[in-house]
Colleague: 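Pasting a structure below so you can have a look.
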Amino acid sequence: MFSSHAAPSLPGRGAARLAAGALASALAVAGVVTGAAPAAAQDGAARGQGGATATIGGLKTHGAAVIHGQDGDQQVPAGLFEMSVEGGGMLQTYCVDIQNPTQKDAKYQETPWSGTSLGTNKDAGRVRWILQNSYPQVNDLAALAKKAGLRGGLTEEDAAAGTQVAIWRYSDDTDVEAVDPQAERLADYLEKNARDLAEPAASLALDPPAVSGRPGERLGPVTVHTNAGGATVTPPVDATSEGAVRIVDKKGEPVTKVTDGAQIFFDVPEGAAAGTAQLSVQASTTVPVGRAFASESRSQTQILAGSSESTVAATATATWAADGAIPALSAEKNCAEGTLDITALNKGDEPFTFELLDTEYTIAPGETRTVPVPLPEDHAYDFTIRGPAGFEQRFTGVLDCRTQSATLSDTTHTLSEPAPATVVTPSPSPDPNLAETGSSDATPLIGGAAIGLVVLGGAVLLFVRRRNEQ
């Protein structure tokens, strides 16, 4: 597979200052205080998402397709991937990011369309229609061939290839055709008849994924959203000890089982020292067709075509203190704006103030504010927000929002399947550095309460300083 990379760019105001001014000063600070992040840090890599987590196993049922481009024709395998779900279950997916690599054994997380290239694609709903009306959702191949007006039958390989080609025409705005005539006719039928469908709901999500308040209160509510018939609640690890935080319903009764729409709370004992606790909710269900799956290693974005009974999970975190600012933080990728949107809630009696890209933000007591953090495309980020009483929240991931059609000036590299290979000339040698993404083990700390953002691969470091109230 060829992968395309653009020169790092930072959308939004303050981009030039970030690349030039903040880099020098932030690196100087990092050189003094860089070290291992405290053990108490909460990892926010997948916060606000929930659902299925799976590992990709590669293409299983596929044919061939040809991409027609300005530089000639490229042949690619086209068809269904299989993914194994963490906790049990299997998924079948097609890709919606034709020019990015699929990295072997990459881990994927069920993701809202807004966190992928589908979020800015007006034809994303047509992709879902194709999934609903073709293989493997329609597994009677004779009936599918008849409906598509094909003379002769369809093999599974032709059905998978034709479906993938039709998806690419909408997901990547690409001039692509199937090599097999039957697969190409199926692709034409699907493309012509596709209609707009809404994005499916998450298999499991908790809203909000973070809450805060004072000891002696029930912190929440956290609302459960799921298509499962029921789900199991796992309380904080010390929930059985005396004086521990309990998970309860709105009547204060302990909760171990929930259904869609249930509201649950963290019951924090009065007099408890400032701290945090986390609960998890887990269920077994089929993931809705059309859900997107994204990887934090920048492996090719996938869209769900079929699901067995699979394990899905989501977490929520509570923070409490007797006084002062009491923040609760969550984040969501926003591909429409090229940002990571951090939602900050303050249930304390003092403001929570921090500075970001030369702008000071103050979250007043009782206020909720969303702060957009502009990020470069295809680069890993890793930053930690710190607050009073030892509070800290870490966020890691990759903003992978664009397809090849949006980055025409990129340099092409070779990675793993499904790899477009030029029909006339051999592919270039793999770039070993391209497959290596991630974040440094060291997180910059600035003062007693700070945000450090490391954007790897672009050698850019952004820092945000929390101002101590005098």
Side-chain angles (χ1 to χ4, degrees), residues 1-6 59 62-81 93-102 113 116-131 133-135 157-196 290 292-294 298-305 335 377-378 400-425 427-428:
M1 163 64 73
F2 287 96
S3 176
S4 300
H5 291 261
L59 276 170
H62 63 91
V66 174
I67 305 171
H68 304 293
Q70 292 181 349
D71 297 328
D73 292 344
Q74 295 177 316
Q75 184 166 309
V76 298
L80 273 173
F81 290 84
T93 62
Y94 290 104
C95 90
V96 289
D97 198 1
I98 192 172
Q99 292 287 355
N100 271 343
T102 300
W113 285 1
T116 73
S117 60
L118 294 170
T120 57
N121 185 342
K122 64 180 177 59
D123 292 321
R126 297 179 187 269
V127 172
R128 188 187 178 196
W129 185 96
I130 292 170
L131 294 165
N133 291 274
S134 191
Y135 182 77
E157 289 76 15
D158 291 341
T163 305
Q164 177 66 91
V165 167
I167 289 171
W168 278 334
R169 290 173 182 173
Y170 283 120
S171 66
D172 292 72
D173 191 23
T174 298
D175 183 4
V176 57
E177 63 180 344
V179 170
D180 183 89
Q182 291 291 85
E184 173 63 12
R185 293 186 187 102
L186 174 62
D188 288 344
Y189 160 77
L190 294 170
E191 179 188 15
K192 179 181 178 180
N193 288 276
R195 301 292 182 266
D196 190 48
F293 279 79
R298 204 184 152 262
S299 187
Q300 185 179 68
T301 303
Q302 305 284 309
I303 192 165
L304 189 73
C335 282
E377 174 76 5
D378 292 337
D400 185 5
C401 293
R402 295 182 294 177
T403 61
Q404 169 68 11
S405 59
T407 55
L408 299 178
S409 62
D410 292 350
T411 302
T412 298
H413 301 274
T414 298
L415 272 177
S416 56
E417 67 178 3
T422 53
V423 175
V424 181
T425 59
S427 303

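Hydrogens, waters and symmetry mates play no part in the numbers below; they use all other heavy atoms, side chains included.
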Colleague: Can you tell me how far CH2 of W168 sits from CD of Q99, rounded to the nearest 0.5 angstrom?
Modeller: 9.5 Å

Colleague: Test of understanding: with side chain to side chain contact (heavy atoms under 4.5 Å, CB included), list the residues that count as partners of S117, not counting sequence neighbours.
Modeller: T403

Colleague: Ignoring hydrogens and geometry, is there a side-chain-to-backbone donor-acceptor pair from Q74 to I67 under 3.5 Å?
Modeller: no

Colleague: How far apart are the closest heavy atoms of A187 and G162, and which atoms are they?
Modeller: CB-O, 3.3 Å

Colleague: In the structure I gave you, are the side-chain heavy atoms of V96 and I167 within less than 4.5 Å of one another anywhere?
Modeller: yes

Colleague: To the nearest 0.5 Å, how far apart are CZ in F293 and CD1 in I303?
Modeller: 10.5 Å

Colleague: Keeping the roles fixed (side chain from S134, backbone from I130), state whether a donor-acceptor pair exists under 3.5 Å.
Modeller: no

Colleague: As an exercise, state the distance from CD of E157 to NE2 of H62, rounded to the nearest 0.5 Å.
Modeller: 8.0 Å

Colleague: For the pair R128 (side chain) and G290 (backbone), establish whether a donor and an acceptor sit closer than 3.5 Å, ignoring hydrogens and angles.
Modeller: no

Colleague: I'd like to check the side chain to side chain contact (heavy atoms under 4.5 Å, CB included) partners of Q182; sequence neighbours left out, ordered by chain and number.
Modeller: L150, L154, D158, D180, R185

Colleague: Which pair of non-hydrogen atoms, one from A161 and one from A64, has the smallest distance, and what is that distance?
Modeller: CB-N, 4.4 Å

Colleague: Going by side chain to side chain donor-acceptor pair (under 3.5 Å), R298 matches just one of D400, D378, D97. Which one?
Modeller: D378

Colleague: State, yes or no, whether a side-chain contact exists between Y94 and L80 at a heavy-atom distance under 4.5 Å.
Modeller: yes

Colleague: Which residues satisfy the salt bridge (charged side-chain N to carboxylate O under 4.0 Å, His left out) test with D196, sequence neighbours excluded?
Modeller: none

Colleague: Step by step, would you call L186 with T163 a side-chain contact (heavy atoms from CB on, under 4.5 Å)?
Modeller: CA-CA 7 Å; L186 174 62; T163 305; 4.2 Å; yes

Colleague: Shortest non-hydrogen contact from R126 to Y170?
Modeller: CD-CE2, 3.6 Å

Colleague: State the OG-CD1 distance between S171 and I98, to the nearest 0.5 angstrom.
Modeller: 7.5 Å

Colleague: Among pairs that include at least one residue of residues 161-171, which meet salt bridge (Lys or Arg N to Asp or Glu O under 4.0 Å), considering only residues two or more places apart or in two chains?
Modeller: R169-E184, R169-D188, R169-E191

Colleague: In chain order, what residues pass the side chain to side chain contact (heavy atoms under 4.5 Å, CB included) check against A294, with sequence neighbours excluded?
Modeller: T111, T116

Colleague: So, does Q164 use its side chain to make a donor-acceptor pair with the main chain of C95 at under 3.5 Å?
Modeller: yes

Colleague: Among all residues two or more places apart in sequence or in another chain, which pass the side chain to side chain contact (heavy atoms under 4.5 Å, CB included) test with D175?
Modeller: H68

